[in-house]
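Structure, as structure tokens:
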Amino acid sequence: MREKSETLKGIAVELCMSLGVVLAFTTAVLLLAKAPPLQGYRYLLEGSLGSWTKIAQVLTVWVPLTLCACGLQYTFRIGLWNIGVEGQVFMGAMGATAALRWGVGSEFPLLWLVLSALAGALSGGVWALLAGLLKSKGGVNEIFGGLGLNFVAQSISLWLIFGPWKRPGIASMSGTEPFPPELWLPSLEGWRVSPHALLFTVAVILGTGRLLQSTRIGLALKAVGGNVRAAPLFGLHAGRWMLLAMVLGGGLAGLAGTFQVTGVYHRLIPSISSQYGYLALLVVMLANYRLLWIPFIAFFFAALNVGSIQLPMMLQVDSSLSGVIQGALVLATLLVHGWREKAAERRDAETARRAGGERHA
Amino acid sequence: MRKRIGAWVMLACILTCAWTLQPGVAQAADEPFIFGLLLVGPYNDHGWSQAHYEGALEIEKKLPGTKMIYIDKVNPADRAGVTIPQLVDDLVSKGAKLVIANSDDMKDGLLEAAAQHPDVYFIHVSGDDVLSGKAPKNLSNLMGRMEYGKMMAGFAAALTTRTGKIGYLGPLINEETRRLAVSSYLGARYAWEKVLKKPAGDLKFQVTWIGFWFNIPGVTADPTQVMQRFFDSGYDVVISGIDTPEAVVMARQKKQQGQQVWAVPYDYKGACEGAEDVCLGVPYYNWVPGYEALIGSAMKGQWKSQWQWLGPDWKAIDNPSTSSIGFMKGPALSEKDREALETFIQDLGSGKANLFQGPLNYQDGTPFLKDGEIAKDEQIWNMKQLLQGMEGQSSAAK
């Protein structure tokens with residue numbers, strides 16, 4: 001069954017059907033909003049890929065989104081729903097901010113940028129570890145544990161912004177006092193995206209692929225994910241591998257948070273995660289949990305996010321349309337996929353019944 | 001197989017990029033003067049952002065040759081991942097020669113953008129970077145002297161309250177919001193003492209902050225719930241300091257349930273609409289005079305970086321062409337109180353009533369103004385605390 005739906009033709013058919021559903025749906029929404037659909041699509045495209053600055057903006061979204069999605073590969077591989085990824089981004093951002101606060105005025109800003117990345121990864125990893133321990137020691141489902149920890153992380157960030165880390169004089173929703181430019185992740189002139197972050201993200205994709213495909217860790221994660229009860233038979237301690245997967249995933253989410261602080265906002269703000277954690281879950285689901293697809297789908301989602309700002313500007317249509325498209329795409333994909341699996345099952349059952357009938361005759 | 005799919009997807013991406021990267025058509029020489037508007041809330045919020053939006057529409061009529069483009073809901077909750085410099089890039093690439101940002105929160109991003117676009121003019125509304133010396137030459141600040149509008153709001157509230165308890169629905173805590181809450185209190189106390197001849201100690205004035213200019217579920221306190229608490233604990237008039245109309249909406253609900261309550265909305269001239277039976281009036285901003293002066297000077301090439309704090313036109317505070325601050329009296333304000341308010345406005349204009357005059361103490365008892373001392377602009381702008389006699393927090397988490 002699986003092989004059948006994984007053939008090129010199968011994938012192409014599914015993709016076309018999903019896109020068709022989404023296109024029809026989005027067009028209907030645009031028509032309802034009394035906006036010309038073709039123009040809407042054109043603005044979306046031009047607003048995301050129409051110039052190098054636009055592409056740079058898309059890449060600025062792509063970096064944290066891809067990092068989160070790569071992190072989710074580890075947890076999904078072992079069969080865990082790390083919904084706490086959102087909170088891990090928050091913790092990473094806070095860890096990075098904490099480190100950078102020490103580095104203000106230092107003569108070695110680069111050293112502090114590296115330290116902030118380490119602090120960010122560590123904070124995100126520890127936060128994920130907490131969700132993992134809640135599961136392995138406390139028996140709390142990682143979905144509920146993760147969700148709870150997301151709220152805690154967000155509350156801590158609000159408390160920091162309005163309390164200990166508030167700006168001199170005023171506490172403000174606009175976040176902590178911005179860091180001096182030497183503590184910003186360096187970007188190319190007029191580009192607003194850091195080449196270091198891009199290279200690092202590509203390295204993370206390749207590293208994740210290698211780790212999952214051809215190392216003992218990848219094999220163990222897959223084995224435990226495939227059958228938790230059978231893991232001990234292979235001498236695998238399932239709980240420990242789960243914690244490792246959580247830490248790896250959380251670490252990458254923490255790096256995404258670090259990038260939000262050092263590369264995008266240059267300070268800690270109340271919604272520092274930009275909800276990339278949740279969005280990354282959609283990316284991974286749409287990629288059908290396959291790493292190869294993740295960078296492309298993440299790029300597509302990032303382009304939608306960036307391009308959608310054109311809708312209110314040019315057509316007076318609310319930009320939440322991009323969220324509608326993203327959600328609809330995932331739903332449509334799951335729907336089409338499920339429907340085809342069902343249809344195939346029914347066909348198989350039919351064939352089996354007919355074969356049985358023939359034998360009887 | 002997988003590799004081949006990857007290659008196809010990559011090819012598709014490259015082709016799309018190549019297609020959209022074709023150079024655009026050059027723009028004509030006599031193009032209109034485009035100005036961009038960054039609104040923190042929705043353009044139709046019946047409050048702060050709508051006042052700016054309508055002011056900008058009016059400018060298109062008043063200054064021929066101008067054209068406005070806008071982006072609304074510019075805040076990290078509504079537009080995750082979007083930064084001010086990015087949006088400014090976008091507006092500039094659409095031809096904007098001047099950019100107006102209407103929230104204090106956009107301060108850092110706007111400074112960054114102003115440095116990156118030295119040939120574009122910037123107006124930061126409600127900021128003070130020009131005063132503090134942080135602003136580059138292409139950035140000006142603009143604000144309305146809403147203190148007067150708030151005094152009128154407080155005045156009307158004090159004349160109306162039956163319980164002697166006035167609530168103030170505050171946004172976040174900073175100098176601006178403190179000085180507006182203080183002004184409301186001073187207006188209320190003036191009416192209480194001078195018109196009603198009651199002792200100031202009998203007037204209760206409670207400020208409750210929600211945490212932002214409008215409700216962000218899960219982040220701010222819910223203004224509807226704050227209003228509910230006010231009305232349930234005997235506060236029968238609430239003055240709103242937030243950008244959205246929850247105060248009048250909630251007051252209206254309570255009124256329909258039979259409670260005698262009133263509210264004073266904020267920001268936008270039309271904020272009483274739909275809540276006539278509870279609305280005492282609304283102090284509002286009219287951005288037309290300020291925009292007209294600054295945009296006009298940019299068009300004529302006479303731009304100067306400046307800090308503008310524009311007040312009412314005392315000859316006619318509701319004149320749409322000249323008065324930056326107005327007070328639209330609401331249908332729920334009684335005839336008698338209406339007259340008293342009119343006299344009060346005249347006294348404010350003539351200087352007969354100066355409410356920022358000592359003796360006034362800060363909330364913690366330290367002196368703000370000595371006996372007879374009149375506050376300087378700078379002292380009011382940088383209001384450090386609430387005043388003695390007001391209840392509620394003077395600063396965020398200690």
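What you see is a predicted model; the values in this text were computed from it and never measured. Protein chains get the first letters and strands the later ones, always in sequence-line order, with residue 1 at the start of each.
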- Task: First locate atom NZ of A/K166, then atom OG of B/S395, and finally report the distance between them rounded to the nearest 0.5 Å.
- Result: 5.0 Å
- Portion of B/L87 that has a non-hydrogen atom of chain A nearer than 4.5 angstrom: side chain
- Message: If I take atom CG from residue B/D108 and atom CZ from residue A/F179, how far apart are they, to the nearest 0.5 angstrom?
- Response: 12.0 Å
- Note on the structure: Between the CD1 atom in B/I71 and the CE atom in A/M314, the distance rounded to the nearest 0.5 Å is 10.5 Å
- Message: So, taking the atom named OG1 in A/T60 and the one named CD in B/Q86, what distance separates them when rounded to the nearest 0.5 Å?
- Response: 6.5 Å
- Message: Distance check, rounded to the nearest 0.5 Å: A/Q57 atom CD versus B/T83 atom OG1?
- Response: 7.0 Å
- Under 4.5 Å to a heavy atom of chain B? For A/Y276 that would be side chain
- Message: Are more than 12 heavy atoms, taken from residues, nucleotides or ligands other than A/Y289, located less than 6.0 Å from that residue's OH atom?
- Response: yes
- Measuring heavy-atom distances to chain A, does B/P85 have an atom under 4.5 Å in its side chain, in its backbone, in both, or in neither? both
- Message: Strictly below 4.0 Å, N to O, side chains only: are B/D89 and A/K54 in salt-bridge contact?
- Response: no
